[in-house]
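Notes follow once the structure below has been shown.
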Amino acid sequence: MKLVFLGHSCFLLETGSHRLLLDPFLTGNPVAAVKAEEVACDFILISHGHGDHVGDAVAIARRTGALIIANHEIATFCGRQGVPSHGMSIGGSHAFPFGRVKLTIAHHGSGYETDNGFLYLGSPAGFLLFVEDQVVYHAGDTGLFMDMQLIGQMNAIDVALLPIGDNYTMGVADAARAVAFLQPRIAIPMHYNTFPVIAADPREFADRVAGTKTRVVILKPGEHFAF
(Lines give C-alpha, C1' and ligand atoms only; values in the text may rest on other atoms or scores of the structure.)
Protein backbone atom coordinates (compact mmCIF):
# COMPACT_ATOMS: atom_id res chain seq x y z
CA MET A 1 0.00 0.00 0.00
CA LYS A 2 1.01 3.62 -0.42
CA LEU A 3 0.19 6.55 1.85
CA VAL A 4 0.46 9.97 0.20
CA PHE A 5 0.58 13.06 2.41
CA LEU A 6 -1.40 15.87 0.80
CA GLY A 7 -0.90 18.43 3.58
CA HIS A 8 -2.38 19.27 7.00
CA SER A 9 -4.25 16.08 8.00
CA CYS A 10 -5.11 14.95 4.48
CA PHE A 11 -3.78 11.63 3.22
CA LEU A 12 -4.51 9.43 0.24
CA LEU A 13 -4.25 5.72 1.04
CA GLU A 14 -3.81 3.66 -2.10
CA THR A 15 -4.43 -0.08 -1.85
CA GLY A 16 -4.19 -2.62 -4.64
CA SER A 17 -7.66 -1.70 -5.89
CA HIS A 18 -9.03 1.25 -3.90
CA ARG A 19 -8.17 4.82 -3.00
CA LEU A 20 -9.15 6.25 0.38
CA LEU A 21 -8.99 10.02 0.92
CA LEU A 22 -8.79 11.15 4.56
CA ASP A 23 -9.78 14.63 5.80
CA PRO A 24 -9.70 16.29 2.34
CA PHE A 25 -8.85 19.91 3.19
CA LEU A 26 -7.29 21.08 -0.08
CA THR A 27 -9.01 24.27 -1.23
CA GLY A 28 -7.75 27.07 1.00
CA ASN A 29 -4.96 24.90 2.38
CA PRO A 30 -1.71 26.84 1.86
CA VAL A 31 0.42 23.65 1.91
CA ALA A 32 -1.86 21.39 -0.16
CA ALA A 33 0.08 19.22 -2.60
CA VAL A 34 -2.76 18.95 -5.12
CA LYS A 35 -5.98 20.69 -6.08
CA ALA A 36 -9.30 19.16 -5.13
CA GLU A 37 -10.27 18.65 -8.77
CA GLU A 38 -7.11 16.58 -9.33
CA VAL A 39 -7.89 13.92 -6.73
CA ALA A 40 -9.31 10.54 -7.70
CA CYS A 41 -10.70 8.36 -4.91
CA ASP A 42 -13.32 5.72 -4.13
CA PHE A 43 -13.90 6.54 -0.45
CA ILE A 44 -13.60 9.70 1.66
CA LEU A 45 -13.18 9.55 5.43
CA ILE A 46 -13.87 12.62 7.58
CA SER A 47 -12.74 12.67 11.21
CA HIS A 48 -14.81 15.62 12.44
CA GLY A 49 -16.85 18.60 11.37
CA HIS A 50 -14.32 21.43 11.24
CA GLY A 51 -13.87 23.06 7.86
CA ASP A 52 -10.19 22.13 7.66
CA HIS A 53 -11.19 18.46 7.72
CA VAL A 54 -14.54 18.32 5.93
CA GLY A 55 -12.83 20.47 3.32
CA ASP A 56 -13.65 19.48 -0.25
CA ALA A 57 -15.35 16.19 0.63
CA VAL A 58 -18.73 16.93 -0.93
CA ALA A 59 -17.29 18.42 -4.13
CA ILE A 60 -14.92 15.49 -4.59
CA ALA A 61 -17.64 12.94 -3.82
CA ARG A 62 -20.00 14.63 -6.27
CA ARG A 63 -17.34 14.48 -9.00
CA THR A 64 -16.00 10.98 -8.34
CA GLY A 65 -18.97 9.16 -6.80
CA ALA A 66 -16.83 8.35 -3.75
CA LEU A 67 -18.61 7.13 -0.62
CA ILE A 68 -18.18 9.44 2.38
CA ILE A 69 -17.56 7.63 5.68
CA ALA A 70 -17.92 9.65 8.87
CA ASN A 71 -19.92 9.94 12.05
CA HIS A 72 -23.70 9.89 11.64
CA GLU A 73 -24.11 13.66 11.74
CA ILE A 74 -21.44 14.41 9.14
CA ALA A 75 -22.64 11.59 6.91
CA THR A 76 -26.21 12.94 7.10
CA PHE A 77 -24.99 16.49 6.39
CA CYS A 78 -23.13 15.30 3.30
CA GLY A 79 -25.91 12.96 2.20
CA ARG A 80 -28.39 15.82 2.16
CA GLN A 81 -26.13 17.49 -0.40
CA GLY A 82 -26.69 14.61 -2.78
CA VAL A 83 -23.57 12.48 -2.31
CA PRO A 84 -23.34 8.87 -1.09
CA SER A 85 -22.52 8.57 2.60
CA HIS A 86 -22.24 6.02 5.37
CA GLY A 87 -22.71 7.10 8.98
CA MET A 88 -21.04 5.48 11.98
CA SER A 89 -20.58 6.15 15.70
CA ILE A 90 -17.72 5.90 18.17
CA GLY A 91 -16.73 2.32 18.91
CA GLY A 92 -18.58 0.93 15.91
CA SER A 93 -16.95 -0.78 12.97
CA HIS A 94 -18.11 -1.70 9.50
CA ALA A 95 -16.75 -3.72 6.58
CA PHE A 96 -16.26 -1.96 3.25
CA PRO A 97 -14.86 -3.31 -0.05
CA PHE A 98 -11.35 -2.18 0.94
CA GLY A 99 -11.45 -3.50 4.53
CA ARG A 100 -12.87 -2.57 7.92
CA VAL A 101 -13.19 0.85 9.57
CA LYS A 102 -13.58 1.43 13.31
CA LEU A 103 -14.22 4.83 14.89
CA THR A 104 -12.27 5.76 18.01
CA ILE A 105 -12.74 8.63 20.40
CA ALA A 106 -10.94 11.92 19.88
CA HIS A 107 -10.93 14.91 22.25
CA HIS A 108 -11.73 17.93 20.11
CA GLY A 109 -14.68 19.88 18.66
CA SER A 110 -16.84 19.24 15.59
CA GLY A 111 -18.63 22.45 14.66
CA TYR A 112 -18.97 23.39 10.98
CA GLU A 113 -18.93 27.13 10.37
CA THR A 114 -21.84 28.47 8.30
CA ASP A 115 -23.19 31.94 7.53
CA ASN A 116 -25.62 31.41 10.40
CA GLY A 117 -23.05 30.26 12.95
CA PHE A 118 -21.70 26.85 13.85
CA LEU A 119 -23.56 23.70 12.85
CA TYR A 120 -23.01 20.85 15.28
CA LEU A 121 -21.75 17.78 13.44
CA GLY A 122 -21.49 15.14 16.14
CA SER A 123 -18.53 13.77 18.05
CA PRO A 124 -15.00 14.05 16.69
CA ALA A 125 -13.34 10.73 15.93
CA GLY A 126 -10.23 8.91 14.89
CA PHE A 127 -10.15 6.01 12.43
CA LEU A 128 -8.70 2.54 12.70
CA LEU A 129 -8.38 1.16 9.18
CA PHE A 130 -7.90 -2.58 8.75
CA VAL A 131 -6.72 -2.90 5.15
CA GLU A 132 -4.77 -5.74 3.48
CA ASP A 133 -3.48 -7.15 6.78
CA GLN A 134 -2.27 -3.70 7.82
CA VAL A 135 -3.65 -1.44 10.55
CA VAL A 136 -3.56 2.33 10.02
CA TYR A 137 -4.65 4.69 12.80
CA HIS A 138 -5.59 8.25 11.83
CA ALA A 139 -6.06 9.97 15.19
CA GLY A 140 -7.97 12.94 13.78
CA ASP A 141 -7.64 16.14 15.78
CA THR A 142 -7.20 15.16 19.40
CA GLY A 143 -5.46 15.75 22.66
CA LEU A 144 -3.66 12.95 24.43
CA PHE A 145 -5.96 10.46 26.17
CA MET A 146 -5.33 7.36 28.26
CA ASP A 147 -7.49 5.10 26.08
CA MET A 148 -4.72 5.29 23.48
CA GLN A 149 -3.11 2.61 25.63
CA LEU A 150 -6.15 0.40 25.06
CA ILE A 151 -6.16 1.15 21.33
CA GLY A 152 -2.52 0.09 21.18
CA GLN A 153 -3.08 -3.05 23.26
CA MET A 154 -6.02 -4.24 21.18
CA ASN A 155 -4.56 -3.47 17.76
CA ALA A 156 -1.13 -4.11 16.29
CA ILE A 157 -0.86 -0.71 14.64
CA ASP A 158 1.41 -0.53 11.61
CA VAL A 159 1.11 3.19 10.90
CA ALA A 160 -0.14 5.91 13.26
CA LEU A 161 -0.93 9.38 11.88
CA LEU A 162 -0.68 11.80 14.81
CA PRO A 163 -1.20 15.57 15.11
CA ILE A 164 1.74 17.48 16.61
CA GLY A 165 0.87 21.14 15.98
CA ASP A 166 -0.31 22.02 19.52
CA ASN A 167 -2.86 24.77 20.28
CA TYR A 168 -5.80 22.83 18.79
CA THR A 169 -4.39 19.31 19.25
CA MET A 170 -1.54 17.43 20.89
CA GLY A 171 1.81 19.11 20.73
CA VAL A 172 5.13 17.37 20.18
CA ALA A 173 5.57 16.15 23.77
CA ASP A 174 2.06 14.73 24.06
CA ALA A 175 2.29 13.15 20.61
CA ALA A 176 5.47 11.39 21.70
CA ARG A 177 3.62 10.08 24.75
CA ALA A 178 0.83 8.93 22.41
CA VAL A 179 3.43 6.87 20.54
CA ALA A 180 4.40 5.21 23.83
CA PHE A 181 0.74 4.38 24.45
CA LEU A 182 -0.02 3.15 20.92
CA GLN A 183 3.24 1.33 20.15
CA PRO A 184 2.91 1.63 16.36
CA ARG A 185 5.54 0.32 13.97
CA ILE A 186 5.59 3.68 12.12
CA ALA A 187 4.48 7.14 13.29
CA ILE A 188 3.84 9.96 10.82
CA PRO A 189 3.26 13.49 12.16
CA MET A 190 0.45 15.62 10.75
CA HIS A 191 -1.58 18.79 11.49
CA TYR A 192 1.40 21.12 11.82
CA ASN A 193 2.96 24.08 9.95
CA THR A 194 -0.18 24.69 7.89
CA PHE A 195 -0.69 27.98 9.74
CA PRO A 196 1.60 29.90 12.14
CA VAL A 197 -0.51 28.98 15.18
CA ILE A 198 0.29 25.27 14.68
CA ALA A 199 3.97 25.66 13.86
CA ALA A 200 5.98 22.66 15.07
CA ASP A 201 9.25 20.88 14.32
CA PRO A 202 8.67 17.26 13.29
CA ARG A 203 12.36 16.53 13.91
CA GLU A 204 11.81 17.27 17.61
CA PHE A 205 8.99 14.71 17.55
CA ALA A 206 11.31 12.18 15.90
CA ASP A 207 14.02 12.88 18.49
CA ARG A 208 11.60 12.28 21.35
CA VAL A 209 10.55 8.94 19.86
CA ALA A 210 14.10 7.85 19.01
CA GLY A 211 15.24 4.69 20.78
CA THR A 212 11.77 3.14 20.91
CA LYS A 213 10.29 0.39 18.73
CA THR A 214 8.58 3.07 16.61
CA ARG A 215 10.18 4.64 13.54
CA VAL A 216 9.12 8.20 12.72
CA VAL A 217 8.61 8.98 9.04
CA ILE A 218 8.38 12.69 8.22
CA LEU A 219 6.58 13.44 4.96
CA LYS A 220 6.44 16.74 3.15
CA PRO A 221 3.20 17.46 1.27
CA GLY A 222 3.27 15.41 -1.91
CA GLU A 223 5.60 12.75 -0.55
CA HIS A 224 4.53 9.18 0.10
CA PHE A 225 5.35 6.17 2.26
CA ALA A 226 4.97 2.62 0.98
CA PHE A 227 4.34 -0.27 3.36
Side-chain angles (χ1 to χ4, degrees), residues 3-13 20-26 28-33 45-55 57 70-71 74 90 103-112 121 123-129 135-149 151-152 155 157-209 212 214-221 223 225:
L3 192 65
V4 186
F5 182 42
L6 299 180
H8 200 53
S9 295
C10 182
F11 290 83
L12 182 66
L13 179 61
L20 286 64
L21 184 63
L22 286 70
D23 280 354
F25 171 48
L26 299 170
N29 178 352
V31 299
L45 288 78
I46 305 171
S47 64
H48 63 286
H50 287 161
D52 61 330
H53 295 264
V54 175
N71 70 31
I74 294 173
I90 303 297
L103 264 62
T104 70
I105 64 172
H107 292 304
H108 197 59
S110 191
Y112 187 78
L121 287 180
S123 298
F127 291 106
L128 280 166
L129 308 176
V135 181
V136 177
Y137 174 52
H138 186 293
D141 277 12
T142 188
L144 181 68
F145 56 90
M146 285 296 294
D147 278 3
M148 285 183 175
Q149 289 183 320
I151 293 171
N155 306 277
I157 297 172
D158 292 286
V159 180
L161 311 175
L162 302 173
I164 67 165
D166 217 347
N167 195 73
Y168 298 113
T169 68
M170 296 186 291
V172 166
D174 282 356
R177 180 60 63 88
V179 168
F181 286 171
L182 295 162
Q183 295 287 300
R185 183 166 58 87
I186 302 293
I188 298 176
M190 65 176 184
H191 204 276
Y192 68 97
N193 290 350
T194 316
F195 308 106
V197 73
I198 56 171
D201 185 353
R203 293 168 297 183
E204 180 187 350
F205 172 64
D207 288 344
R208 287 178 177 266
V209 175
T212 72
T214 300
R215 177 164 69 99
V216 172
V217 174
I218 299 170
L219 298 177
K220 296 178 181 178
E223 294 183 338
F225 174 68

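FYI, the numbering just counts along the sequence from 1. As the structure is a computational prediction, the values presented were derived from the model and not from experiment. What's counted below: heavy atoms across the whole structure, side chains too, no hydrogens, waters or symmetry copies.
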Ignoring hydrogens, what is the shortest heavy-atom contact between [X] and [Y]? Give both atom names and the distance.
{"X": "His53", "Y": "Ser47", "value": "ND1-OG, 3.9 Å"}
{"X": "Ala173", "Y": "Arg208", "value": "CB-NH1, 3.8 Å"}
{"X": "Ala187", "Y": "Pro189", "value": "O-CD, 4.0 Å"}
{"X": "Gly126", "Y": "Ala106", "value": "N-CB, 4.1 Å"}
{"X": "Ala139", "Y": "Leu162", "value": "CB-CD2, 3.9 Å"}
{"X": "Met148", "Y": "Ala178", "value": "SD-CB, 3.5 Å"}

Original post:
CZ of Phe145: more than 12 outside heavy atoms within 6.0 angstrom?
Top reply: yes
Original post:
Got more than 12 heavy atoms from elsewhere within 6.0 Å of CZ, Arg185?
Top reply: yes
**OP:** Go through the steps for Ile188 and Leu3 under the test side chain to side chain contact (heavy atoms under 4.5 Å, CB included), then give the verdict.
**Re:** CA-CA 10 Å; Ile188 298 176; Leu3 192 65; 3.8 Å; yes
Original post:
What pairs with Ser123 under side-chain hydrogen bond (donor to acceptor under 3.5 Å, both in side chains), at least two apart in sequence or on another chain?
Top reply: none
**OP:** Could you pull out all residues at least two apart from Asp207 that satisfy side-chain hydrogen bond (donor to acceptor under 3.5 Å, both in side chains)?
**Re:** none
Interatomic distance, [X] atom [atom1] to [Y] atom [atom2] [nearest 0.5 angstrom]:
{"X": "Ile151", "Y": "Ile157", "atom1": "CD1", "atom2": "CD1", "answer": "7.0 Å"}
{"X": "Ser9", "Y": "Leu161", "atom1": "OG", "atom2": "CG", "answer": "9.0 Å"}
{"X": "Asp174", "Y": "Ile164", "atom1": "CG", "atom2": "CD1", "answer": "12.0 Å"}
{"X": "Ile90", "Y": "Thr104", "atom1": "CD1", "atom2": "OG1", "answer": "6.5 Å"}
{"X": "His138", "Y": "Leu20", "atom1": "NE2", "atom2": "CG", "answer": "11.5 Å"}
{"X": "Leu129", "Y": "Leu22", "atom1": "CG", "atom2": "CG", "answer": "6.0 Å"}

**OP:** Answer whether the closest heavy-atom distance between the side chains of Phe205 and Ile218 falls below 4.5 Å.
**Re:** no
**OP:** Report yes if some heavy atom in the side chain of Ile198 is under 4.5 Å from a heavy atom in the side chain of Asn193; otherwise report no.
**Re:** no
Subject >> Residues which pass side chain to side chain contact (heavy atoms under 4.5 Å, CB included) with Asp201, listed by chain and number, not counting sequence neighbours >> reply: Arg203, Glu204
Got a donor-acceptor contact below 3.5 angstrom from the [X] side chain to the [Y] backbone?
{"X": "Asp158", "Y": "Val135", "answer": "yes"}
{"X": "Thr214", "Y": "Gln183", "answer": "no"}
{"X": "Asn71", "Y": "Pro124", "answer": "no"}

Return the set of residues passing ring-ring contact (aromatic ring centres under 6.0 Å, His included) with [X] (not counting sequence neighbours), or none when no residue passes.
{"X": "Tyr112", "result": "Phe77"}
{"X": "Phe225", "result": "Phe227"}
{"X": "Phe11", "result": "Phe5"}

Subject >> side chain to side chain contact (heavy atoms under 4.5 Å, CB included) assessment of Val217 paired with Glu223 >> reply: CA-CA 11 Å; Val217 174; Glu223 294 183 338; over 6 Å; no
**OP:** Would you sort out whether Asn155 and Tyr137 count as a side chain to side chain contact (heavy atoms under 4.5 Å, CB included), showing the intermediate values?
**Re:** CA-CA 10 Å; Asn155 306 277; Tyr137 174 52; over 6 Å; no
Original post:
Going by the angle between their ring planes, with limits at 30° and 60°, are His108 and His48 parallel, tilted or perpendicular?
Top reply: perpendicular
**OP:** Check the pair His191 / Asp141 against side-chain hydrogen bond (donor to acceptor under 3.5 Å, both in side chains), numbers first and verdict last.
**Re:** CA-CA 8 Å; His191 204 276; Asp141 277 12; 3.1 Å; yes
